[in-house]
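For reference, the structure is listed below as structure tokens.
Residues: numbered from 1 along the sequence shown. Keep in mind that the numbers below use all heavy atoms, side chains included, and drop hydrogens, waters and symmetry copies. Predicted model only: the values in this text are computed from it and were never measured.
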Amino acid sequence: MARILVTYGANPDAQDSAGFTALHWAAMHQHLETVIYLTMQANARTDLCNHQGVDAISIARGEAVVKYLGRCDAITRRTRIDVRKSILT
């Protein structure tokens, strides 16, 4: 479903009334294939928090989803640090 919606122009980072994104829902319900699609192809942000301040990795269920999002989070943090270093030098 996420793939179809994004294909037809849906914003992968759109949030519902509670602040949940498609990535939150996919992670919470252990849909690894959807999590991978949203992060790798739809460029969904892994750092968005819902209205309670919870991001997708914090709400993730299932070992595979948690591990995958943990790797994405590490890459995102490393990239932010690299960008800051390049701006400051």
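- Using modelled atom types, no side-chain atom of S58 and backbone atom of V54 make a donor-acceptor pair closer than 3.5 Å.
- One finds the CG atom of D55 at 8.0 Å from the CG atom of D47 (value rounded to the nearest 0.5 Å).
- Residues R61 and Q30 come closest through the heavy atom pair O-CG, 3.1 Å.
- Clustering ILVMFWY residues whenever any of their side-chain heavy atoms sit less than 4.5 angstrom apart, transitively, puts V65 in a cluster other than the one holding M28.
- Within the 4.5 Å cutoff, the side chain of L48 has no heavy atoms near those of the L23 side chain.
- Taking the six-membered ring for Trp and thresholds of 30 and 60 degrees, H29 and H31 have ring planes inclined between 30 and 60 degrees apart.
- For R45 (side chain) and N43 (main-chain N/O), no donor-acceptor pair under 3.5 Å exists by modelled atom type.
- T21 OG1 to L38 CG: the interatomic distance, rounded to the nearest 0.5 Å, is 7.5 Å.
- Note that NZ of K67 is 7.0 Å distant from CZ of R71, once rounded to the nearest 0.5 Å.
- The two residues N50 and H24 come nearest to each other via the heavy atoms N-NE2, 3.8 Å.
- Side-chain contact between I57 and T46 is absent, with no heavy atoms from C-beta onward closer than 4.5 Å.
- Smallest separation of non-hydrogen atoms from P12 and A42: CG-O, 3.3 Å.
- V35 and W25 are assigned to two separate hydrophobic clusters, defined by single-linkage of ILVMFWY side chains at heavy-atom distances under 4.5 Å.
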Practice prompt. Take Y68 and M40, measure what side-chain contact (heavy atoms from CB on, under 4.5 Å) needs, and give me the verdict at the end.
Written response: CA-CA 11 Å; Y68 176 79; M40 297 298 291; 3.1 Å; yes
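- Under the 3.5 Å distance criterion, the side-chain polar atoms of Q15 are matched with a main-chain donor or acceptor of C49.
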